[in-house]
Amino acid sequence: MCGIVGYIGKRQASEVILKGLQRLEYRGYDSAGFAILDDDMKILKIKGKVDELVKKDKEEMTEGHLGIGHTRWATHGEPSEINAHPHVGASGKFALVHNGIIENYNVLRKDLEKKGHKFTGETDTEVLAHLIEEIHDMSDIDFFQAVQQALGQVKGTYGIAVVHKYTPDRIIIARKGSPLLIGIGEDEYFVASDASPIIEYTKKVVYLEDEEMAVVTRDGYEVSTLKNITLTKEVHELAMNLEQIEKGGYPHFMLKEIFEQGGTIADCMRGRLMVAENRIQLGGLEGVVDKIINARRVVIAACGTSWHAGLVGEYLFEYLAHMPVEVEYASEFRYREQLVDERDVMIVISQSGETADTLAALREAKRNGAMVIGICNVVGSTIARETDAGVYTHAGPEIGVASTKAFTAQVTVLTMMAMLFGRQNKTLSDELMQELVQELKTIPEKVEEMLRNTDEIKNIARLFTYASHFLYLGRSYSFPVALEGALKLKEISYIHAEGYPAAEMKHGPIALIDEHMPVVVIAATDHTNEKMINNIEEVRARRGRIISISSDGQSDVDRLAEFSINIPEVHDCLTPLLSCIPLQLLSYYIAVNRKCHVDQPRNLAKSVTVE
Ligand code: M6R
C-alpha cells in the first residue's frame, strides 16, 4: 500500500527519497512521485515503477535538501501520473503526500469547487491539498495551523507529509490511522511510513500516534496533538538492520525469506523454548496467562495468511490446552453483533501490525472490555502498541508481499502459546510436553534439510506452470495449510487455486476434477491419513493429477500420488511448520516460470492499511 518518505538535512533530498521509495516498493504501488524544495518547488511524478522516476530525475537534475516522496496504491482514481502524489492546491504553494482515505472528500471537493478551485485528478488527496491552501489563504495563519485546521474538517484516515514553497525549512506531518515515524539523524531528519527507507541513515525513531502532528526542521522536531497539546515522545531504537532488507544474492525477497525459515523459527523460539527445563517461557504474556486460560473463549482475529496461522492456532489450542477458540476474519468480526466482552480474550495476529481491519477488530474488542493479545512481527507497530500484551514473532523484516517466514513464525508462537496454556491448564501431559519440546527444537534443522533439495518441487512447478486451476486439500492441521498453499499460488502466479478440507470435496468441488486438474493433497497428519487416502482415491478415480505432501515413510500416500514430496516426520500438531514450505516453493517456482512479479504481485500491497 502507499508509502511515504521525506527528508530535511544536508544531503540531496532526491537521492534519499528515491532510494527510500525503492525500499518502499515492497508495499505494492502503481505510481510514484516527489517534491523537492530549493529556491523553488519542483515536482516529478510517474505512472509505473520508481526506476522511471529515477530516470526522470536524472534528466531534470532536481536539487535541494528538503523533500517528500510517495508510492501510490490506487484507491480513488486510476493509476496515472496526474493521480500520483504529491498533490498541490490551485497555486502550487503546498505539496502533499498522503496514505489513507479521506472519506468526505466529495463534500469537501464540491465546497471548494464553489469557491473556484479547479481539480486536475480524481483523488481524495488533491482535495486535502486544496483545502490546506484555501484555509491558509483565507485567514491570517501559518503553514502548521493551516494543516491543522484542514485536518479538523477531514473524515477518514491519513498519514500525511506537507511542504510549503515559502516556508522551505520544515515538513509538517500528521497521522490518523496510517503509520508515520520520524527518523532522527545528525543534523538531519527523516519522515517515513515505515522504517525501511531510513534504516541506513539512523536507528533512532519516534512513532506518531493517531491524531498527532509534528513539525520537522533541520534542527529538530516538535510533536503535538491535533488539538495543540505539546508532547514529549519516547525515542525508540530500531532492531532491524540493512542486510535484512536487502536480497543477499537471492533473485527475489520471497525466495530469500523462504530460505531464512530455519533461522527465523530458531530466532522465534530463542529464550522461549526452554529445552533443559522442559517448559515454555513467553515474557510478553507474563501476568496474563491465567486470564487467558480462564477466558470464556478465545477469539482469534486476523486477515490473509495471518488468518490461516490463526486456524492452525485453533487446532493447537483445542488439542493441547482444551480451550474454546473461534477464528474470525478481522474484516467480518467488526461488523458482526459484538458479543465479545470482558469474559473473552482476543488474539490478533499480524505480520505488519498495521492491517486496518485487524486494528479495527482489536479496537472493537477493547471497547467491549476484552483483553487483547498481539502476535506481531513488526516491533513498535500500531497493533503491537495497542494490544494489552503480546508475543513478537522475531522473523525479521518480511519484504516479499507473499508472507512466508512470518507465517511459520506465527505458527511457532501459537504452538508455544498452546503448550504454555496446556501446561498451566494441566491438559498437556508431562510425556507429550517432553515430546513436543524435543521435536520443536529440531524443527529449524528439519526446515534446513528440506530446503537442501528442491529439485522435485522445481520439476513439478515446470510441469504445472500453465495449469489454469489448482485444488489444495487437507484435513485437521493440514487444512489451514491447504488454504495457505492456495493463497500463495494465486497471489503470486495468478493461477486460480482453492483450498478445502478434504472431506468437503465431495460436497461440490469434486465436480471440477478431470485430467487437467492438479490436486495438491497435504497428507502429513497421521491421525487423518486413512481418510485422506480415500480422498486421494476419489481424485484418482476422476483422473485428477495428484501432488502429495506427506511425511517420510507414508508409502501408501506416495504410491497413489503422481508426484510426491516428503517432509521429515514430526508430531501431527507440528506438521504445518514443515508442510507449508514445499507449497511456498511450488508457488514461487511456478510464478517465476510464468514471469510474474514475485515480490510485488499485481494489485497487492504488503500492508493493507485501508479497510
Ligand atoms: O500484515 P498482516 O499479517 O496483518 O497481513 C495480513 C494479510 O494482508 C497478509 O497475510 C496477506 O494475505 C499476504 N499477502 C499473504 O501472503
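Residue numbers count from 1 along this sequence.
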Carboxylate-amine/guanidinium proximity below 4.0 Å for [X] and [Y]:
X: Lys446; Y: Glu439; value: no
X: Lys49; Y: Glu25; value: no
X: Lys405; Y: Glu260; value: yes
X: Glu59; Y: Lys56; value: no
X: Glu562; Y: Arg545; value: yes
X: Arg23; Y: Glu246; value: yes
X: Arg334; Y: Glu328; value: no

Can you sort out the partners of Arg272 under side chain to side chain contact (heavy atoms under 4.5 Å, CB included), two or more places apart, ordered by chain and number? Cys268, Leu282, Val391, Tyr392, His394, Val413, Met416
With a cut-off of under 6.0 Å to the ring centre and 45° to the axis, is Arg594 in cation-pi contact with Tyr494? no
Closest non-hydrogen contact found for Ala503 with Arg475 is CB-NH2, 3.4 Å
Side chain to side chain contact (heavy atoms under 4.5 Å, CB included) between Ile549 and Val521: does it pass, once the steps are laid out? CA-CA 6 Å; Ile549 313 291; Val521 177; over 6 Å; no
Distance flag, aromatic centroids of Phe464 and Phe563, threshold under 6.0 Å: yes
Of the options Glu122, Lys45, Lys47, which is the one that meets Asn83 in a side chain to side chain donor-acceptor pair (under 3.5 Å)? Glu122
Begin with the C-alpha distance, continue with both residues' side-chain angles, and end with the deciding distance and a verdict on side chain to side chain donor-acceptor pair (under 3.5 Å) for Thr305 and Lys488. CA-CA 9 Å; Thr305 289; Lys488 284 291 85 87; 3.0 Å; yes
Considering residues at least two apart in sequence or located in another chain, which fulfil the side-chain hydrogen bond (donor to acceptor under 3.5 Å, both in side chains) criterion with [X]?
X: Arg270; result: Asp267
X: Asp51; result: Gln22
X: Ser31; result: none

Angle class for the His85/His70 ring planes (parallel below 30°, perpendicular above 60°, tilted otherwise)? parallel
Thr412 versus Thr393: any side-chain heavy-atom pair under 4.5 Å? no
Could you please spell out the steps behind the side chain to side chain contact (heavy atoms under 4.5 Å, CB included) verdict for Val447 and Thr408? CA-CA 10 Å; Val447 169; Thr408 44; over 6 Å; no
Residues which pass ring pair (Phe, Tyr, Trp, His ring centres under 6.0 Å) with Phe190, listed by chain and number, not counting sequence neighbours: Tyr7, Tyr201
If you look only at pairs with a residue in residues 581-611, which of them pass as a ring-ring contact (aromatic ring centres under 6.0 Å, His included), with sequence neighbours excluded? His252-Tyr588
Once rounded to the nearest 0.5 Å, what's the spacing between atom CD of Glu314 and atom CD of Glu326? 8.0 Å
